[in-house]
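Structure, as structure tokens:
Read the numbers this way: they start at 1 and go in the same order the structure lists the ligands and their atoms.
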Amino acid sequence: MGILNCTPDSFSDGGRALEPAEAIGAALRMAEEGAEVLDVGAESTRPGSERVPAELQIARLRPVLQGLRDRGFTVPITVDTTRAEVAEAALGLGAMGINDISAGRDDAGMFGVVAKFDAALVLMHMQGTPGTMQVAPRYSDVVAEVTEFLRERVEAAVAAGVRRGEILVDAGIGFGKTAEHNLALLGHLGEIRSALGQRMLVGASRKSFIGAITGRKEPGERVFGSVAVAAWAAMQGADAVRAHDVGPTRDALLTIAAILERA
Ligand code: HH2
């Protein structure tokens, strides 16, 4: 899943795709590099970020989604938003799914909109909100708590009419978690996936715990660490990984898939 941030302030690539023409160019490049899904967002959720009103998110997304449709872009698109109004506009413009980092808690209308379009839905775990989540993350058992949260959110989505088979779960690496919490979750991905029986997405690309491990301060320098996490996630059974660096990630995933097929 290639990441396309149509934002001025994303943590690793903010400002690079705010203009629709730049965003469309980046989408075409990621498709060429082998992205099988494109996750387009118009609101940064980096630690300390401010909320972006739904109308502004739609204004940023509309020309990009329309422009890609006009060019006959065939890679399925998910939209990274917690607002039902944005989801409704995006799905109406042809997006195939919604990536909701609040897992439907931010907007009571979200599950209904996803159900209406029979769309795919990513439900992610987050402790707190992007504004405050990294202040003091605390868990007594991070793996068990994240698993139970996701189980409850899957059932809530299904009860609201979302098809179970359209749901992916995501442990939410970096969302209200210390580096230790992230590593504990990554170490138990297979367990979480099988406990829930849902497809799983993992999003660790360029995140700060990789910088802490490798000493790479600039997010753009964290490619090898990010590819290592993607490879590990695939080996634990992850069904999708969110990646800024699509080409290197694709090569790693294809290689691992070839080995796993014969193992
Ligand atoms: N991470 C980010 C944003 N959305 N969605 C899911 N499901 N999982 C993630 O791990 C995830 C996500 C943060 O990365 P990025 O989009 O590059 O940054 P920003 O939020 O600053 O735009």
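The side-chain hydrogen bond (donor to acceptor under 3.5 Å, both in side chains) check on E191 picks up nothing, with sequence neighbours excluded.
Summary of contacts: the protein heavy atom closest to atom 18 (O) of ligand 1 is F11 CD2, 3.2 Å. Looking only at protein heavy atoms, the nearest one to atom 4 (N) of ligand 1 is D80 OD2, 2.9 Å. Protein heavy atom in closest approach to atom 5 (N) of ligand 1: N99 ND2, 3.0 Å. Residue, atom and distance of the protein heavy atom nearest to atom 2 (C) of ligand 1 are R242 NH1, 3.3 Å. The protein non-hydrogen atom at the shortest distance from atom 17 (O) of ligand 1 is H244 NE2, 2.7 Å.
Side-chain N/O atoms of T82 and R51 include a donor and acceptor closer than 3.5 Å. Residues R242 and S205 have side chains that never bring a donor and an acceptor to within less than 3.5 angstrom of each other. Between the side chains of T78 and D39, at least one donor N or O lies within less than 3.5 Å of an accepting N or O. Between the side chains of T7 and N5, no donor-acceptor pair of N or O atoms lies under 3.5 Å. A side-chain donor-acceptor contact under 3.5 Å links Q57 and T81.
Less than 4.0 angstrom separates some heavy atom of V122 from each of these atoms of ligand 1: 7 (N). The L201 neighbourhood of ligand 1 comprises atoms 7 (N), with distances under 4.0 Å to a heavy atom of that residue.
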(message) Is there a salt bridge (charged side-chain N to carboxylate O under 4.0 Å, His left out) between E221 and R206? Walk through the geometry before answering.
(response) CA-CA 8 Å; E221 293 175 350; R206 298 186 180 180; over 6 Å; no

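For the side-chain hydrogen bond (donor to acceptor under 3.5 Å, both in side chains) condition, the pairs that include at least one residue of residues 159-176, sequence neighbours left out, are D118-R163, E155-R164, R163-E166.
With a heavy-atom cut-off of 4.0 Å, N5 touches ligand 1 through its side chain alone. When heavy-atom distances to ligand 1 are checked against a 4.0 Å cut-off, M124 comes that close only through its side chain, counted from C-beta outward.
Polar contact check, D170 against ligand 1: a nitrogen or oxygen pair lies under 3.5 Å apart. Considering backbone and side-chain atoms alike, S44 places an N or O below 3.5 Å from some N or O of ligand 1. Residue E43 has no N or O atom closer than 3.5 Å to an N or O atom of ligand 1. Taking any N or O of S10, backbone or side chain, at least one lies under 3.5 Å from an N or O belonging to ligand 1. Where the criterion is an N or O separation shorter than 3.5 Å, residue side chain and backbone included, G203 meets it with respect to ligand 1. Distances between N or O atoms of I101 and those of ligand 1 include no value under 3.5 Å. Residue contacts with ligand 1: D13 is placed with no nitrogen or oxygen under 3.5 Å of a nitrogen or oxygen of the ligand (distance criterion only).
Remark: distances from the non-hydrogen atoms of K207 to ligand 1 include one below 4.0 Å.
Using a 4.5 Å heavy-atom threshold, the side chains of F73 and L38 count as touching.
Ring geometry for Y139 versus H125: interplanar angle of 30 to 60°, hence tilted.
For R16, the CZ atom is loosely surrounded, since the number of other residues' heavy atoms within 6.0 Å does not exceed 12.
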